[in-house]
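Beneath this line is the structure, given in structure tokens, with notes to follow.
In this chain, numbering begins with 1 at the start of the sequence shown. The structure displayed is predicted, hence computed values, not measured ones.
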Amino acid sequence: MEQWTKTQLFHSGDDYYSSLISDIRNARSSILLETYIFSVDKVTQIILEELGQARKRGCHVQILVDGYGTYDWLLELQAICQNKGLELRVYHALPLSMSWFRRLFLLNFLINHSTIFKRMNKRNHRKVTIFDLNRAYLGSLNYSQNHSEHALGANAWRDTGLFVEGQPVRRFVWAFTHSWRRSNKKGLKRLLYRYKKDQIYQPEASLVRLNTTPRMRYRVYRDLIRRIRHAEKRIFVTSAYFLPKGSLLRALKYASSRGVIVKIIVPGITDVPIVRWAAFEVIKNMFKSGIQVFEYQKSILHAKYMIIDDYCSVGSLN
């Protein structure tokens, strides 16, 4: 049976980055960093300097960023990584001449919600950093000062991260390697590589629930619905962008009708207002079913975690 040898939960971005920097300094052989957003700011400049020092002492450093999430900082980040000897790859890069395209709000909305654009715009939304193949940081914190109270004070985003250690970290290594290799393939080769699957891995039976392939996404979602339908005491959800599928919403309503306590925390302040507007009708529908919905008002809520009875899930999946 899979088990972690050590875990630590973080609800403070500063504590999360402080612990991560300590692990960078103590890394012996490798650092594998995978993130949606890697901005260049006060917080990440410190991290990049520590990564450069790790590289100097012989540690292998690979950084994988998303081409859309990191678009605004990509040229500067590439220059810094080249100067420090850090390997950098971009997952599904956009042409640099398309900055006007990325800034058009309506087109951004279409990209995120249109089936056609989704196929054109597959993104890597993971936030995972792996040290020496057996320790990892995960959750929903990007590499950005947005999560730091030291940098932004009371305006820092509310987020959740997790440190884990043990054999199951190898699953993260597999997922990173898959994305790293795919990011370097073009055209037909990239399309074909997408369908190489780990046939043995069953995400619903693992501590690490990857959604790298369509098969994995289907199995993880199916298991989530099963857990909600069989919940006995509680279902607590914190979600930065809560727009559930109909099957998930029906499962939550059914659980509430059976007497299960269902509580959901959503942002009162958000970085994507259209999602909050779109969720109004969903939330109204949930209220009628006895589901309790709360808005976090202190700052932007970016955390993603769920508690179902004694089961807990922390990650970057909305």
May I have the step-by-step check of side-chain contact (heavy atoms from CB on, under 4.5 Å) for K253 and K288, ending in yes or no?
CA-CA 9 Å; K253 290 165 66 175; K288 293 179 180 178; over 6 Å; no
Quick one: pull up OH in Y16 and CG in L9 and give me the separation to the nearest 0.5 Å.
11.0 Å
Identify the two heavy atoms, one from T35 and one from I37, that lie closest to each other, and give their separation to 0.1 Å.
OG1-O, 3.0 Å
Considering all heavy atoms of both residues, which atom of L86 and which atom of R55 are nearest to each other, and what is their separation?
CD2-CB, 3.9 Å
Any donor-acceptor pair under 3.5 Å from D309 side chain to A231 backbone
no
Do you know the tightest heavy-atom contact between N124 and D66?
N-OD1, 3.0 Å
Give a yes or no on this: more than 12 heavy atoms of other residues, nucleotides or ligands lie within 6.0 Å of atom NZ of K84.
yes
Calculate, to the nearest 0.5 Å, the distance between atoms NZ and OG belonging to K127 and S144 respectively.
11.0 Å
Hey, is the main chain of A303 close enough, under 3.5 Å, to the side chain of T238 for a donor-acceptor pair?
no
Working to the nearest 0.5 Å, report the span between CD1 of I130 and CZ of R170.
10.0 Å
Give a yes or no on whether L141 and I300 share a hydrophobic cluster (residues Ile, Leu, Val, Met, Phe, Trp, Tyr; joining criterion: side-chain heavy atoms under 4.5 Å apart).
no
More than 12 heavy atoms of other residues, nucleotides or ligands under 6.0 Å from CZ of R28: is that the case?
no
Check for me, please, whether V220 and L210 land in the same ILVMFWY cluster - side-chain distances under 4.5 Å, paths through other members count.
no
Residues that E50 engages under salt bridge (Lys or Arg N to Asp or Glu O under 4.0 Å), provided they are two or more places apart:
R25
Looking at K304 and H302, would you say the former's side chain and the latter's main chain have a donor-acceptor pair under 3.5 Å?
yes
For E49 and Q53, test the side chains for any donor-to-acceptor distance below 3.5 angstrom and give the result as yes or no.
yes
Going by ring pair (Phe, Tyr, Trp, His ring centres under 6.0 Å), name the residues that satisfy it together with F176, two or more places apart in sequence or in a different chain.
W180
Quiz question: by atom type and distance under 3.5 Å, do the side chains of D159 and S140 form a donor-acceptor pair?
yes
So F38 and L48, do their side chains get closer than 4.5 Å, heavy atoms only?
yes
Which residues share a ring pair (Phe, Tyr, Trp, His ring centres under 6.0 Å) with F163, sequence neighbours left out:
Y137
Is the shortest side-chain heavy-atom distance between I269 and P267 below 4.5 Å?
no
Joint cluster assignment, L301 & V314, ILVMFWY side-chain distance < 4.5 Å
no
Counting only heavy atoms not in H150, do more than 12 fall under 6.0 Å of its NE2?
no
List, by chain and then residue number, the residues other than I235 in its hydrophobic cluster (Ile/Leu/Val/Met/Phe/Trp/Tyr, side-chain heavy atoms under 4.5 Å); write none if there are no others.
Y221, L224, I225, I228, V237, F242, L248, L249, L252, V260, V262, I264, V266, V282, I283, M286, F287, I291, V293, M306, I308, Y311
Please give me the minimum heavy-atom distance between R217 and T212, naming the atom from each residue.
NH1-O, 3.5 Å
Looking at A27 and D132, what are the two nearest heavy atoms and their distance?
CA-OD2, 3.7 Å
Side chains of R126 and N211, heavy atoms from C-beta outward: is any pair under 4.5 Å?
yes
So T160 and F10, side-chain contact (heavy atoms from CB on, under 4.5 Å) or not? Walk me through it.
CA-CA 6 Å; T160 296; F10 300 93; over 6 Å; no
Below 4.5 Å, heavy atoms only, C-beta onward: do T70 and V90 meet side chain to side chain?
no
Taking NZ, NE, NH1 and NH2 as the nitrogens, is one of them in R135 or D23 under 4.0 Å from a carboxylate oxygen of the other?
yes
Start with the C-alpha gap between N146 and N142, add the side-chain angles, then the distance that decides, and say whether side-chain contact (heavy atoms from CB on, under 4.5 Å) holds.
CA-CA 8 Å; N146 283 338; N142 289 293; over 6 Å; no
So with a 6.0 Å cut-off around CD of E232, is the heavy-atom count from everything else above 12?
no
Relative to the ring of H147, is the ring of W157 parallel (under 30°), tilted (30 to 60°) or perpendicular (over 60°)?
perpendicular
Partner of L33 under side chain to side chain contact (heavy atoms under 4.5 Å, CB included), picked from L64, V61, L88, L51, is L51
Would you give the length of the straight line joining atom CD of Q145 to atom OG of S148, rounded to the nearest 0.5 angstrom?
7.5 Å
Heavy atoms from other residues, nucleotides or ligands near NE2 of H11 exceed 12 (cutoff 6.0 Å):
yes
How long is the gap from CZ on R229 to OG on S247, to the nearest 0.5 Å?
7.5 Å
Is there a path of hydrophobic side-chain contacts, each under 4.5 Å between heavy atoms of I, L, V, M, F, W or Y residues, that connects I63 with I46?
yes
Quiz question: by atom type and distance under 3.5 Å, do the side chains of T129 and Y143 form a donor-acceptor pair?
yes
Treating Ile, Leu, Val, Met, Phe, Trp and Tyr as nodes and any side-chain heavy-atom pair under 4.5 angstrom as an edge, say whether F236 and I265 lie in one connected cluster.
no
L207: side-chain contact (heavy atoms from CB on, under 4.5 Å) partners, not counting sequence neighbours
E2, W4, P168
Given the rule in the side chain to side chain donor-acceptor pair (under 3.5 Å) test, do T44 and D41 qualify, once you have shown the distances and angles that lead to the verdict?
CA-CA 5 Å; T44 60; D41 54 41; 3.2 Å; yes
Value rounded to 0.5 Å, distance of CG in L32 from OG1 in T177
6.5 Å
Taking only residues two or more places apart in sequence or in another chain, which ones pass salt bridge (Lys or Arg N to Asp or Glu O under 4.0 Å) with R226?
D223
Counting only N and O atoms by type, is there a donor-acceptor contact under 3.5 Å from the side chain of N285 to the main-chain atoms of E281?
no
With side-chain contact (heavy atoms from CB on, under 4.5 Å) as the test, would you mind laying out the steps for V164 and K6 before giving the verdict?
CA-CA 6 Å; V164 293; K6 185 178 180 181; over 6 Å; no
Are the side chains of H60 and E87 in contact, using a 4.5 Å heavy-atom criterion?
yes
Do R234 and D310 sit within salt-bridge range, that is, some charged N less than 4.0 Å from a carboxylate O?
yes
Please give me the minimum heavy-atom distance between P203 and R219, naming the atom from each residue.
CG-CB, 4.1 Å
Within a 6.0 Å radius of atom CD on Q82, are there more than 12 heavy atoms belonging to other residues, nucleotides or ligands?
no
Take a 6.0 Å sphere around CZ of F294 and say whether it holds more than 12 heavy atoms from other residues, nucleotides or ligands.
yes
